[in-house]
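Read the structure below first, then the notes.
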Amino acid sequence: MPGERVAVFIDNSNVFHNLLDLRKIDRSWVSIYNPVELAKKLAGSREIVFVGFYCSRPPSYLLEEGLAGEKKYKTSMRYYSAVEKLSGVTVKYGSLKGNKGDTQEKNLDTQLTTDLVKMAALNEFDVAIIVSNDGDYASPATTAKDIFKKRIEIAFFKGSLSMNLKKISDLTRRLRRSYFIDLPLDDDPEMA
């Protein structure tokens with residue numbers, strides 16, 4: 001509804017892995033997307049008061065994997081740098097733990113969860129849009145909805161919506177290719 005304040009919480013790790021899978025089938029999907037444009041598509045005519053972008057920097061072992069690994073690492077870092085420069089986006093980094101082939105993100109879900117509940121408690125939004133298929137967000141979303149009376153919307157990729165998230169949401173919306181607009185990266189002579 002017009003007049004509602006919307007906070008968009010983007011679990012970029014979840015989004016990025018889904019986009020990579022989709023690109024294997026259809027190369028027209030972008031993987032380096034503009035989170036502000038995504039938030040605008042999801043919010044529609046409503047006021048966006050927060051865009052949170054939760055991610056982890058690439059693993060440093062990529063730098064030891066030759067030119068292909070170095071290119072992946074540098075592209076990821078350039079992308080995160082470009083996102084940090086976007087007006088209205090708050091970027092929060094988790095960390096990677098473990099060894100090559102067995103890395104796990106730490107403190108990413110926790111940061112998103114903390115921001116969601118804290119902002120709901122402080123009445124900083126009316127609607128939370130969670131961009132993720134991760135069922136771990138059902139608990140904080142339930143808290144925001146039941147205790148702080150916030151509407152919860154879930155933006156998900158086809159075929160992978162958590163049933164726990166679906167149950168608590170006021171609205172679910174499948175993410176479409178048109179929601180993802182390419183984010184141009186600054187030219188880097190080393191990447192040419």
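The figures that follow rest on heavy atoms only: side chains count, while hydrogens, waters and symmetry mates do not.
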Which residues pass the side chain to side chain donor-acceptor pair (under 3.5 Å) test with K92, sequence neighbours left out?
D115
Can you name the nearest heavy-atom pair linking P35 to L86, along with the distance?
CD-CD1, 3.7 Å
What distance do D136 atom CG and N133 atom CG have between them, rounded to the nearest 0.5 Å?
12.0 Å
Hey, does W29 have a side-chain heavy atom less than 4.5 Å from the side chain of F180?
yes
So is R57 actually on top of Y93's ring, under 6.0 Å and inside 45° of the axis?
yes
Over all atoms of both residues, closest heavy-atom pair of A39 and V51:
CB-CG2, 3.7 Å
Residue pair R177 / L22, side-chain heavy-atom distance below 4.5 Å:
no
Closer than 3.5 angstrom, by distance alone: can the side chain of T75 be matched with the main-chain N or O of K72 as a donor-acceptor pair?
no
Please list, one pair per line, the donor and acceptor atoms closer than 3.5 Å that link side chains of residues 5-13 to other protein atoms, with sequence neighbours excluded.
{"residue": "R5", "atom": "NE", "partner": "D126", "partner atom": "OD2", "Å": "3.2"}
{"residue": "R5", "atom": "NH1", "partner": "N123", "partner atom": "O", "Å": "2.8"}
{"residue": "R5", "atom": "NH2", "partner": "N123", "partner atom": "O", "Å": "3.2"}
{"residue": "R5", "atom": "NH2", "partner": "N123", "partner atom": "OD1", "Å": "3.2"}
{"residue": "R5", "atom": "NH2", "partner": "D126", "partner atom": "OD1", "Å": "3.0"}
{"residue": "D11", "atom": "OD1", "partner": "S13", "partner atom": "N", "Å": "3.4"}
{"residue": "D11", "atom": "OD1", "partner": "N14", "partner atom": "N", "Å": "3.2"}
{"residue": "D11", "atom": "OD2", "partner": "S132", "partner atom": "OG", "Å": "3.4"}
{"residue": "D11", "atom": "OD2", "partner": "Y137", "partner atom": "OH", "Å": "3.0"}
{"residue": "N12", "atom": "OD1", "partner": "Y33", "partner atom": "OH", "Å": "2.6"}
{"residue": "S13", "atom": "OG", "partner": "E105", "partner atom": "OE1", "Å": "2.9"}
{"residue": "S13", "atom": "OG", "partner": "E105", "partner atom": "OE2", "Å": "3.2"}

If you round to the nearest 0.5 Å, how far is CG of L19 from NZ of K24?
12.0 Å
Would you confirm whether R174, through its side chain, and F156, through its main-chain N or O, come within 3.5 Å as a donor-acceptor pair?
no
If we only count heavy atoms from C-beta on, is the R46 to V127 side-chain gap below 4.5 Å?
yes
Cluster check V89, L175: I/L/V/M/F/W/Y, side chain < 4.5 angstrom:
yes
Any idea which heavy atoms bring R23 and S31 closest together, and the distance?
CD-CB, 3.8 Å
Do V83 and N34 have side chains that get closer than 4.5 Å, going by heavy atoms?
no
Going by heavy atoms in the side chains, are K85 and Y80 under 4.5 Å from each other?
no
So if you build clusters from Ile, Leu, Val, Met, Phe, Trp, Tyr with side-chain heavy-atom gaps below 4.5 Å, do Y73 and F16 land together?
no
Report the distance from atom NZ of K118 to atom CD of E124, rounding to the nearest 0.5 Å.
6.5 Å
Short question: side chain of Y54, backbone of N107 - any donor-acceptor pair under 3.5 Å?
no
Around atom CG of L67, are there more than 12 heavy atoms of other residues, nucleotides or ligands at under 6.0 Å?
no
Is there a continuous path of hydrophobic side-chain contacts, each under 4.5 Å between heavy atoms, that joins V30 to Y179?
yes
Rounded distance (nearest 0.5 Å) linking atom CG of L42 with atom CD of E37:
11.5 Å
Going by heavy atoms in the side chains, are I32 and L185 under 4.5 Å from each other?
yes
Can I130 be reached from M119 by stepping across I, L, V, M, F, W or Y side chains whose heavy atoms are under 4.5 Å apart?
yes
So, taking the atom named OG in S160 and the one named CG in N18, what distance separates them when rounded to the nearest 0.5 Å?
4.5 Å
Charged N-O contact under 4.0 Å between E70 and K74
yes
Under 4.0 Å between a Lys/Arg side-chain N and an Asp/Glu carboxylate O for R151 and E4?
yes
Closest non-hydrogen atoms of A120 and K150, given as atom of the first, atom of the second and distance, are O-CE, 3.6 Å
Heavy-atom closest pair, residues A138 and L165:
N-CD2, 3.7 Å
In terms of heavy-atom contacts, L183 and A82 come closest through CD2-CB, 3.9 Å
Test side chain to side chain donor-acceptor pair (under 3.5 Å) on N164 and S162 and set out the steps.
CA-CA 5 Å; N164 290 334; S162 156; 4.6 Å; no
Taking C-beta and beyond as the side chain, do V15 and F157 meet within less than 4.5 Å on heavy atoms?
yes
So if you build clusters from Ile, Leu, Val, Met, Phe, Trp, Tyr with side-chain heavy-atom gaps below 4.5 Å, do L171 and I154 land together?
no
Would you compute the distance between atom OG1 of T143 and atom CD1 of I152 and round it to the nearest 0.5 angstrom?
9.5 Å
Has K145 got a side-chain atom pairing as donor or acceptor with I168's backbone, closer than 3.5 angstrom?
yes
For the residue pair M77 and P58, establish whether any side-chain heavy-atom pair is separated by less than 4.5 Å.
yes
Evaluate the ring planes of F53 and Y79, with Trp represented by its six-membered ring, and classify them as parallel (under 30°), tilted (30 to 60°) or perpendicular (over 60°).
perpendicular
